[in-house]
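Presented below is the structure to which this report refers.
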Amino acid sequence: MKIKNICCIGAGYVGGPTMAVIAKQCPNIKVTVVDINEARIAAWNDENLDNLPVFEPGLDAIVAEARGRNLFFSTEVDKAIDEAEMIFISVNTPTKTYGKGKGMAADLKYIELCARQIARVSKQDKIIVEKSTLPVRTASAIKDILDNTGNDVAFQILSNPEFLAEGTAVEDLLSPDRVLIGGDTNPEGLKAIEALADVYANWVPQDRILRTNVWSSELSKLTANAFLAQRVSSINAMSEICEKTGADVNEVSKAIGMDSRIGAKFLKSSVGFGGSCFQKDILNLVYIAKSYGLNEVADYWEQVILMNEHQKQRFSDNIVSTLYNTVSGKKIAFLGWAFKKDTNDTRESAAIKIADNLLNEQAEITVFDPKVVEERIYADLEYLNTRSNEENRNLLKVENDPYKTCENAHAIAILTEWDEFKTYDWKQIFNKMQKPAFVFDGRGLLDKETLEDIGFVYYKIGTGQ
Ligand SMILES: NC(=O)C1=CN([C@@H]2O[C@H](COP(=O)(O)OP(=O)(O)OC[C@H]3O[C@@H](n4cnc5c(N)ncnc54)[C@H](O)[C@@H]3O)[C@@H](O)[C@H]2O)C=CC1
Ligand SMILES: O=C(O)[C@H]1O[C@H](OP(=O)(O)OP(=O)(O)OC[C@H]2O[C@@H](n3ccc(=O)[nH]c3=O)[C@H](O)[C@@H]2O)[C@H](O)[C@@H](O)[C@@H]1O
């Protein structure tokens, strides 16, 4: 079965880039990305490619190539569902904020709404692809809703989790380590798997397209994120030991990473991992384990999150204690707010928690991030509900010039590893700061010797003083 018409529900960080790449690589397939968020769709359709709602290196060129040819962004959800043979569900699956499983389980209400809408609108057989990250066995809930419409339409449900990382989304999509497709093992299921595999085969080598059963596919996604986050928490745990013992976490990372069984990637110590998924997906895994009574398994994975919370807390505690136990009324400059470089995404960014901790100590914070807009920063703080919006706006300012951000500051906290921070004139920054001038480098980005030669008191995560 050759697919000619794809619809994707959800035009977010995953739906947008993923479909743009499918459209680029498969000019014969019409790809329509739909969303209920009108502003988001308008931004995807904006003539000015700088206004796309997702910033990803290389994405603008791909959208420019495919948009209007075989890539469309629309709010007409019903129409796109009706026309498509294959429907990707790429809506958000946040942590539940209410009811049973609050603070842990994935909130599947958006997924269920999609399933009900597909059930209501569909007149012909369709393949439904779970692109969102979902708890294992969600496909059976979707199938239940779809199979009970009474309108004689046959649905196949596939799991096709996305492994892209933000900031490298285009690269990851064009050249994925693997594409994972899970489906039913009966003949109809296998046919559906092959229909999706054929789409990817337009640019992904066959040996990188993995076929599994649905449950393995759903669970592999949670497992991959849990393993990745665990590596970060493991190296961050070592960073604290390094600081106490005089070892250097970067040297330790290099030494262990050269062991081919361990591998060199994902061993960079930091102020703590952020992003929309690591915490949410591990919490979800912990919830699933608990719901099967697997308490030791749940505790094991929960520790990855606890370690991450600790890493953020000790970073802000260290700022306070180093600045003579008080930051009240002191200006702290934040370089970076995004959860990692090369993205404008701030979801669960460590910077938010660190700002909140320091604001509790009455610090005056000024933030500069090359890609994050002022309103996003205030919205992130407001979401915490720790203090009034007015207080947040009084205590925290957002600047668009890094030098002004650091002027008169008592300390600088580096919270995102933007490359441009390395190119700044640090002598000029030093000259205009309060003395002693402190730098707390939460990303191990700058060169200790250079900074100390200038006169800074320089603290690098994972390095003893
Ligand atoms: N952000 C990332 O890097 C990655 C995310 N994922 C997973 O992909 C899924 C989506 O994540 P993001 O794209 O980051 O979320 P997002 O929040 O950026 O986008 C989701 C979009 O779905 C839309 N939506 C929700 N319900 C809808 C409905 N009923 N009809 C039409 N549109 C609807 C929302 O308006 C929103 O624009 C999540 O399950 C996430 O865990 C997986 C891999 C990477
Ligand atoms: O499911 C998802 O959402 C995605 O989550 C992560 O991607 P992402 O969160 O975009 O970014 P990562 O590069 O994984 O970084 C996550 C966080 O860990 C931090 N990190 C990463 C690597 C490292 O060595 N050290 C470290 O502190 C980053 O700074 C960032 O805050 C995974 O890498 C993707 O494979 C997955 O698809």
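First listed ligand is number 1; within each ligand, the first listed atom is number 1.
- At a heavy-atom distance under 4.0 Å, only backbone atoms of Glu162 (N, CA, C or O) approach ligand 2.
- Heavy atoms of Asn225 found under 4.0 angstrom from ligand 2 belong exclusively to the side chain.
- Protein heavy atom at the shortest distance from atom 13 (O) of ligand 2 is Lys340 NZ, 2.8 Å.
- With a heavy-atom cut-off of 4.0 Å, Val91 touches ligand 1 through backbone and side chain alike.
- Under 4.0 Å from ligand 2, not a single heavy atom of Gln311 appears.
- The part of Arg347 lying near ligand 1 is the side chain, judged by heavy-atom distances below 4.0 Å.
- The two residues Leu174 and Lys24 make their nearest non-hydrogen contact at CD2-CE, 4.3 Å.
- For ligand 1, the polar-atom distance check finds an N/O of Arg40 within less than 3.5 Å of one of the ligand's N/O atoms.
- For Trp44 and Phe72, the distance between ring centers is not under 6.0 angstrom.
- Residue contacts with ligand 1, taken as heavy atom pairs separated by less than 4.0 Å, involve Ser276 solely via side-chain atoms from C-beta onward.
- Residue, atom and distance of the protein heavy atom nearest to atom 31 (O) of ligand 2 are Phe339 O, 2.8 Å.
- Here Leu228 has side-chain heavy atoms under 4.0 Å from ligand 2, and that is the only part of it that gets that close.
- In this structure, Lys221 counts as a contact residue of ligand 2, since one of its heavy atoms falls inside 4.0 Å of the ligand.
- More than 12 non-hydrogen atoms from other residues, nucleotides or ligands lie less than 6.0 angstrom from CD of Glu420.
- At a 3.5 angstrom cut-off on N or O pairs, Val77 does not count as close to ligand 1.
- Taking 4.0 Å as the cut-off between side-chain N and carboxylate O, Asp419 and Lys422 count as a salt-bridged pair.
- Relative orientation of the Trp203 and Tyr200 rings is tilted, given thresholds of 30° and 60° on the angle between their planes.
- Under the 3.5 Å distance criterion, with hydrogens and angles disregarded, a donor-acceptor pair is assigned to the side chains of Glu243 and Tyr459.
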